[in-house]
S.K.: 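Here it is, the structure, as structure tokens.
Predicted, not measured: the structure shown is a model, and the values here were computed from it. Sequential numbering from 1 along the given sequence is applied to the chain's residues.
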Amino acid sequence: MINVITGASAGIGEAAAVELARRGRQVVLVGRNPEKLAGVAARVKEVSGAVPETATCDYGSLDDVRRLAEELRSRHERIGVLVNNAGVMTTARTRTGDGHETMIQVNHLAPFLLTTLLLDRIEDRVITTSSMAARSGRLDPADLSRDRRRWSGWLQYGDSKQANALFTVELARRLSGTGVSATCFHPGVIKTGFAPGTFLMWMTHHIPGVGRTVEQGASTLVHLATHPDGTTHSGRYFANGAPAKATRGMTDPGLARALWEASERAVA
């Protein structure tokens, strides 16, 4: 089964790719940095005996996402699992060349676009890395970049992770009856280079017991990709390998549909 994993050049994406390959899955590694991807590919070969495919993409460019989709479509008639794992957190407000705030584009709009472009090729599961930060999200589909509301890095990050959960809800509704499922999950607070310079990540690296390893963070992703839970609980939010409680803002079907429609306009 072909498993396409974005954000696979480091962190939980790398750990999940290695574990899935160990379990006999054919992984396709997607990331921005070709040198880092080559290092992960070498680890995958060590555990599987096969050199995995790699593909580069910069989620800060929607055109590059379209190029990636075409590349994957040209390589594969069917994709078993698509893992939308690439993401970013920054305390600096920046915009992409497409005009969107960076986090909402990288964390939501780019994976939304990739998924919709590949949807007719996916035959089993779509898994999206969300976060418990989604609980703090106050997403407004009419103001995805927070141009008309107060902006901070954590507010925007929470919105983008709420968007991941809502995207999963609406995607699952649209896929109902097709045999393809959609789930999302919270990996935990991981000891990686994610969200550099924030107090949370300082605590993660310096206070014992606060942060999890990348392998622990990847465990729910691997579970959703390989276990029946990943199909029987379509539309659900997971944490620690099991369905978890989600807020109304993460599951509201009306808000999920409104976000989908706003996202279609944003990536058009």
Side-chain angles (χ1 to χ4, degrees), residues 5-8 10-16 59 82-91 101-112 114-115 126-140 144-146 151-172 182-205 210-225 230 233 235-252 255-256 259 263:
I5 306 170
T6 71
I12 64 172
E14 175 181 3
Y59 270 23
L82 172 63
V83 178
N84 290 312
N85 173 66
V88 65
M89 191 280 157
T90 175
T91 55
E101 189 279 331
T102 298
M103 278 186 281
I104 199 65
Q105 175 161 326
V106 172
N107 296 352
H108 168 62
L109 292 174
F112 171 86
L114 181 65
T115 303
V126 178
I127 303 165
T128 301
T129 303
S130 183
S131 168
M132 67 181 299
R135 297 175 180 275
S136 68
R138 296 294 182 269
L139 189 75
D140 180 354
L144 292 177
S145 292
R146 281 187 171 263
W151 190 93
S152 78
W154 285 114
L155 285 173
Q156 186 74 76
Y157 183 71
D159 283 2
S160 71
K161 296 290 102 179
Q162 181 189 6
N164 295 151
L166 290 167
F167 164 66
T168 298
V169 168
E170 177 63 8
L171 180 60
T183 55
C184 64
F185 72 101
H186 169 53
V189 181
I190 312 299
K191 292 181 179 179
T192 66
F194 190 73
T198 64
F199 181 60
L200 174 63
M201 295 315 297
W202 182 90
M203 291 193 299
T204 300
H205 286 278
V210 173
R212 307 177 77 194
T213 67
V214 290
E215 290 76 19
Q216 289 171 325
S219 63
T220 299
L221 191 167
V222 173
H223 179 80
L224 289 172
H233 294 284
R236 293 293 302 275
Y237 165 77
F238 276 68
N240 297 315
K245 185 177 180 180
T247 65
R248 176 65 175 170
M250 296 165 64
T251 58
D252 182 338
L255 184 58
L259 172 63
S263 301

S.K.: How many angstroms lie between atom SG of Cys184 and atom CG of Leu171, to the nearest 0.5 angstrom?
M.R.: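 Between Cys184 SG and Leu171 CG, I get 10.5 Å after rounding to 0.5 Å.
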
S.K.: Locate the shortest heavy-atom distance separating Asn107 from Ser160; write the atom from each residue and the value.
M.R.: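 In terms of heavy atoms, the two residues are closest at ND2-OG, 3.0 Å.
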
S.K.: Should Leu155 and Arg146 be marked as a side chain to side chain contact (heavy atoms under 4.5 Å, CB included) after you check the CA-CA gap, both sets of side-chain angles, and the distance that decides it?
M.R.: CA-CA 9 Å; Leu155 285 173; Arg146 281 187 171 263; 3.9 Å; yes

S.K.: Which pairs would a plain distance check flag for residues 126-135, meaning a side-chain donor or acceptor within less than 3.5 Å of a matching protein atom at least two apart in sequence or in another chain?
M.R.:
from	atom 1	to	atom 2	distance (Å)
Thr129	OG1	Asn85	OD1	2.9
Ser130	OG	Lys161	O	2.9
Ser131	OG	Ala133	N	2.9
Arg135	NH2	Lys245	O	2.5

S.K.: For the residue pair Phe185 and Gly217, what are the closest heavy atoms and their distance?
M.R.: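 Closest approach of Phe185 to Gly217: CE1-O, 4.0 Å.
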
S.K.: Please check this pair: side chain of Gln162 against backbone of Ser136, looking for a donor-acceptor N/O pair closer than 3.5 Å.
M.R.: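 Not at all, since once roles are kept as given, no pair shorter than 3.5 Å links the two residues.
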
S.K.: How about His108 and Ser263: does a side-chain donor come under 3.5 Å of a side-chain acceptor?
M.R.: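 Side chains of His108 and Ser263: pair found under 3.5 Å.
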
S.K.: Considering non-hydrogen atoms only, spot the tightest contact between Ala182 and Ala172 and give its length.
M.R.: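 Closest pair (atom of Ala182, atom of Ala172, distance): CB-N, 4.0 Å.
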
S.K.: Mind checking the CG-OG spacing from Leu224 to Ser219? Nearest 0.5 Å is all I need.
M.R.: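 So the CG of Leu224 and the OG of Ser219 are separated by 9.5 Å.
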
S.K.: What class does the angle between the rings of Phe167 and Phe112 fall in, given that below 30° is parallel, 30 to 60° is tilted and above 60° is perpendicular?
M.R.: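 Because their plane-to-plane angle is over 60°, the rings of Phe167 and Phe112 count as perpendicular.
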
S.K.: Could you tell me whether a side-chain N or O of Gln156 sits under 3.5 Å from a main-chain N or O of Leu144, the two making a donor and an acceptor?
M.R.: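 Looks like yes, one N/O pair under 3.5 Å.
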
S.K.: What closest approach, in Å, do Gly241 and Thr220 show between heavy atoms, and which atom pair accounts for it?
M.R.: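 Heavy atoms only, the tightest pair is N-OG1, 2.9 Å.
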
S.K.: Can you list everything that forms a side-chain hydrogen bond (donor to acceptor under 3.5 Å, both in side chains) with Glu14? Sequence neighbours excluded, please.
M.R.: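 In terms of side-chain hydrogen bond (donor to acceptor under 3.5 Å, both in side chains), with neighbours along the sequence ignored, Glu14 is linked to Arg43.
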
S.K.: Taking Asn84 for its side chain and Thr6 for its backbone only, find out whether a donor-acceptor pair lies under 3.5 Å.
M.R.: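 Not a single qualifying donor-acceptor pair exists.
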
S.K.: Looking at Tyr59 and Leu114, what are the two nearest heavy atoms and their distance?
M.R.: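 Heavy-atom minimum between the residues: OH-CD2, 3.3 Å.
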
S.K.: Taking Asp159 for the side chain and Ile104 for the main chain, is one N or O donor matched with an acceptor at less than 3.5 Å?
M.R.: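 Absent.
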
S.K.: For Val222, give me all partners under side chain to side chain contact (heavy atoms under 4.5 Å, CB included), at least two apart in sequence or on another chain.
M.R.: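 So Val222 forms a side chain to side chain contact (heavy atoms under 4.5 Å, CB included) with Ala16, Glu19, Leu20, Arg23, Thr226.
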
S.K.: Thr91 and Trp151: which non-hydrogen atoms are nearest, and at how many Å?
M.R.: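 So the two residues come closest at O-CZ3, 3.7 Å.
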
